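In the text below, chain A, chain B and the rest are named by the order of the sequence lines, each starting its count at 1. Since we're looking at a predicted model, the values are computed, not measured.
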Amino acid sequence: MTQGSTPKRPLITRSLITRRRLVQGGLAAGAALAMPGLVRAQGAPIRIGHLTPRTGFLGPLGEYAVMAAQLAAEEINAAGGINGRRIELLTEDSVNPQTASGKAERYVERDKVAAIVGEISSASALAIGQVAQRGKTIFLNTGANSDALRGQDCKRYMFHVEGANSMYVKAVGRSLTEGGLVKGKRWYSLTADYAFGHDLLRVAKVFMQGNGGTFAADELVPTDATDFSAYLIKIRQAKPDLVISNLAGNQITNFLKQYAEYGLPFPVAGFGFDTALAWGAGSGNFAGTWPCLWHHKVDTPSAKAFVAAFTKKYGKPPENQAWGDYNAVKIVAKAMADTGSTEGPKLVSYLEGGAKFDVQKPRPAYFRARDHQLISEMYAITALPADKVKDKWDLFTSTPAIPGPNEDMEVLAPTAEEAACRMEG
Amino acid sequence: MVLLLTLAVEQVVNGLFLGAIYLLIALGLSLIFSLGGIVNLAHGAFYAIGAYLTIVLSPALGFGGSLVAAPVLVAVIGLLVERFLFRRFYRADPILSLLLTFGLAMVAEQALRMIFGAPPLPYAIPQALRGQIFVGDFVLSRYRLAILAAVIVAVACVWFLLQRTTFGRVVRAGVQNPDMVAALGISLKPYMATVVGLSVGLAALAGVMLAPISGVHPAMGAEVLTGAFVVVVIGGLGSFWGVVLAALIVGIVRGLMVLVYPGFAEAAIYALMAVILLVRPRGLLGERILRFE
């Protein structure tokens, strides 16, 4: 998850993209020639446009997103495609909202894609959503968290596989409440100083105050900050009951490394998180309790199959961002197969109609018609102490799926009062 | 009040640490520019390569071993880059070397991305340097203090090399008046090569030192480069002590600003640079370099 401001180098990236596209095209053509048996599908391929940041501080997550989308497309094609038609996955670096908008436009107008999948930055997701709406092409958001995308900025053609910020807060909030870290406790929070952080801080505040906690301090951290020593010595003086991270991207890695360096005794938790950042901090540095939509230790048959396939292909387990893009491609394919159509309006009514999807968790997921949020379970993970870590990927323990088997699936999702969505078109 | 003072003292020490890292990078930038006229935008890439080499070498050599081996290896890469690329652009239009090194930085970043992947790689502080040091109510990181000491040693060695050896005398003469040096029958080429090797080696040393407390990812070079440039500009080109002074000032100002008003910490450095350039266009201790004025 985590969100982007504006990566800065459109000029260079554009030239890289052309080359990357060229190489991918060449590889795909080579593979098709080498393995004619695999290309059983008949008819013109169905194009799906993948769009996500590959550069800037969200680039690491974007890389997982692309790997996972490609894996999903390969699996679908190997199984005979969509009603006999192959998927052709186009991939582009969305870079920033302006570029994302332009590239989405090109996907819709020139490449005639049947769906757009991807994005991590909320600002870019909004831009893509507007293009998708105009072109009546469905867009599955796989990584943008801002509640506004499901609320005031919601769109008929935009669906959200990624969870909303408020869902993340509620998921980890449960663990914190059970651990006695909310009621009557003082929190010290560090928040990434841009739209994503502000949105997360807002929902975090609502949760904390609603459950009887107070702030020792809440500080905004510039997104380019790499040295946290000043915050750490302030935290040490303030002696809070809990240190909260609303940071984003590589900041979380830096923060965790330096938190370990200064050896502060206060428990840590965060409302926004990606497992790649825990892996980047490493054993002995990774600490605290964090929320995620999915992680590679989830124990269901389809989750194990996904982890095995991904690890076999790429030599490392999938990150939670990989989960989003893998499922988005699979969901699009299933929607097209079930409706026998690539028409935007038909796909929208299918997805709004409560179709169920296996998303590698205990219970199947579905899109809520009201705001197009994918309703699925979440997890809260807690860092293992260094001496209990056995390999570099398995740094944490996880709660069972939240909500539990006897609970309503929608308890984490924003209520109609929290986020009002009025769809047009 | 006492509390604020404690925080301020702690933060000055942290600022000094940050300044020391900037210093290692800025010294090389300044040397390469003032002797060869090359604005090395790839300097941050060498810093990143240093950090990645630490991760590669540590299992065999340990942190102490990589602290020596990584900068030496990067210096060798620097010698090759100097021999085959930089050498063609000395004293040419700076825009050419600017484009060259910009491209080089992109190539290096993309290469790191292809080899190691984009996600940050883990690297922890070595066991012996972990922990904190308490002095009364102050808490300081043992690792940062050790690194600060190592930087002081490294910078002292560079100072000795430049100020007290024949090699240094030729380099300094080359900075002031390369034509006169040539007229005396001394070829600057081997000196230039050594200076580039030394400079990128210092940048790599900074990368090794920061790897345990900062994210190791392909774009990390770009993160530090602007800061290092600001240090060079504030300090003044061609001045060893200017760069040292500027690095200390930038580190301390930044450290204290984070304490007082974090949102302005980054901008404060640029504001400082603007003010200093208004008052002293050559930087704090900048010397007059005929070629660039």
Side-chain angles (χ1 to χ4, degrees), chain A residues 8-9 12 15-16 54-64 190 193 219-222 224-234 236-237 249-258 260-264 274-286 314-316 319 386 392 395, chain B residues 3-4 6-7 9-11 13-15 17-18 21 102-103 106 109-110 113 117-125 127 129-132 137-144 210-220 222-224 226-227 254-260 262-267:
Chain A
K8 286 166 202 117
R9 298 165 311 202
I12 306 100
S15 65
L16 284 174
R54 304 286 297 271
T55 39
F57 78 112
L58 296 171
L61 307 173
E63 189 172 86
Y64 275 102
L190 298 177
D193 192 3
E219 299 225 38
L220 293 175
V221 181
D224 49 11
T226 50
D227 181 47
F228 287 86
S229 55
Y231 303 105
L232 296 173
I233 60 176
K234 278 202 249 184
R236 180 174 166 267
Q237 296 288 354
N250 289 333
Q251 274 192 324
I252 298 180
T253 309
N254 285 1
F255 166 73
L256 284 171
K257 278 186 157 185
Q258 291 167 28
E261 181 194 357
Y262 278 78
L264 299 184
D274 290 285
T275 37
L277 307 170
W279 293 336
S283 165
N285 288 330
F286 178 51
Y314 299 112
K316 53 185 169 187
E319 215 269 329
K392 62 177 173 174
L395 302 176
Chain B
L3 174 68
L4 193 63
T6 312
L7 290 173
V9 171
E10 285 173 337
Q11 204 41 30
V13 175
N14 286 327
F17 167 79
L18 215 62
I21 296 290
F102 187 59
M106 302 317 300
E109 188 181 324
Q110 202 60 29
R113 205 182 297 270
L121 297 185
Y123 191 80
I125 297 177
Q127 209 58 45
L129 295 175
R130 278 178 174 250
Q132 302 77 39
D137 202 31
F138 302 117
V139 60
L140 300 166
S141 149
R142 186 189 300 269
Y143 180 76
R144 286 185 199 224
L210 227 54
I213 57 168
S214 173
V216 178
H217 56 97
M220 64 187 293
E223 272 176 12
V224 293
T226 34
R254 198 176 173 147
L256 289 178
M257 280 313 292
V258 174
L259 202 59
V260 185
F264 195 61
E266 194 68 22

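- The candidate with the highest count of non-hydrogen atom pairs below 4.5 Å against chain A, out of B/Ala265, B/Gly215, B/Pro218, is B/Gly215.
- Inter-residue side-chain proximity for A/Pro222 and B/Glu266 is flagged as unmet; no heavy-atom pair is nearer than 4.5 Å.
- At a 4.5 Å heavy-atom cutoff, B/Phe264 makes no contact with chain A through either its backbone or its side chain.
- Separating the NZ atom in A/Lys392 from the CG atom in B/Leu121 is a distance of 8.0 Å, to the nearest 0.5 Å.
- Note that the CD1 atom of A/Ile233 and the CG atom of B/Asn14 stand 6.0 Å from one another [nearest 0.5 Å].
- Listed for the A/Lys257 side chain is a donor-acceptor partner under 3.5 Å among the backbone atoms of B/Tyr123.
- Of all heavy-atom pairs spanning A/Gly284 and B/Arg130, the tightest one is O-NH1, 4.3 Å.
- Interface remark: B/Leu18 contributes side-chain atoms only to the contact with chain A (heavy atom separation under 4.5 Å).
- For a residue to count as touching a neighbouring chain, one of its non-hydrogen atoms must lie under 4.5 Å from one of that chain's; by this rule B/Arg142 does not touch chain A.
- Between chain B and the residues A/Asn250, A/Asp193, A/Asn285, the largest count of heavy-atom pairs under 4.5 Å involves A/Asn250.
- For A/Tyr64, the part sitting under 4.5 Å from any heavy atom of chain B is the side chain, from C-beta outward, and nothing else.
- Closest approach of A/Asp227 and B/Arg144 over heavy atoms only: OD1-NH1, 2.9 Å.
- Contacts of B/Ile125 with chain A are made by side-chain atoms alone, with heavy-atom separations under 4.5 Å and no backbone atom involved.
- Counting heavy atoms from C-beta on, the side chains of A/Ser283 and B/Pro122 never come closer than 4.5 Å.
- A donor-acceptor pair under 3.5 Å is absent between the side-chain atoms of A/Glu261 and the main chain of B/Gln132, judged by distance alone.
- There is no contact between A/Gln251 and chain B, counting heavy-atom distances below 4.5 Å.
- The two residues B/Pro120 and A/Ala276 have their closest heavy-atom pair at CG-O, 4.4 Å.
- Listed here is the closest heavy atom pair of B/Glu223 and A/Thr226: OE1-CG2, 3.3 Å.
- Annotation: maximal heavy-atom pairing with chain B below 4.5 Å, among A/Thr253, A/Leu256, A/Asn254, A/Val221, occurs at A/Asn254.
- Proximity to chain A (any heavy atom under 4.5 Å) is restricted, for B/Ala211, to the backbone atoms N, CA, C and O.
- Nearest heavy atom pair, residue B/Ile213 against residue A/Gln258, reads O-NE2, 2.8 Å.
- Rounding to the nearest 0.5 Å gives a distance of 10.0 Å between OH of A/Tyr231 and CG of B/Leu259.
- Using a 4.5 Å cut-off between heavy atoms, B/Pro212 contacts chain A through its backbone alone, with no side-chain atom that close.
- With salt bridges taken as basic N to acidic carboxylate O contacts below 4.0 Å, none links B/Arg113 and A/Glu63.
- For A/Leu220, the part lying under 4.5 angstrom from a heavy atom of chain B is the backbone only.
- Looking at A/Ala278, there are no atoms closer than 4.5 Å to chain B (heavy atoms on both sides), in backbone or side chain.
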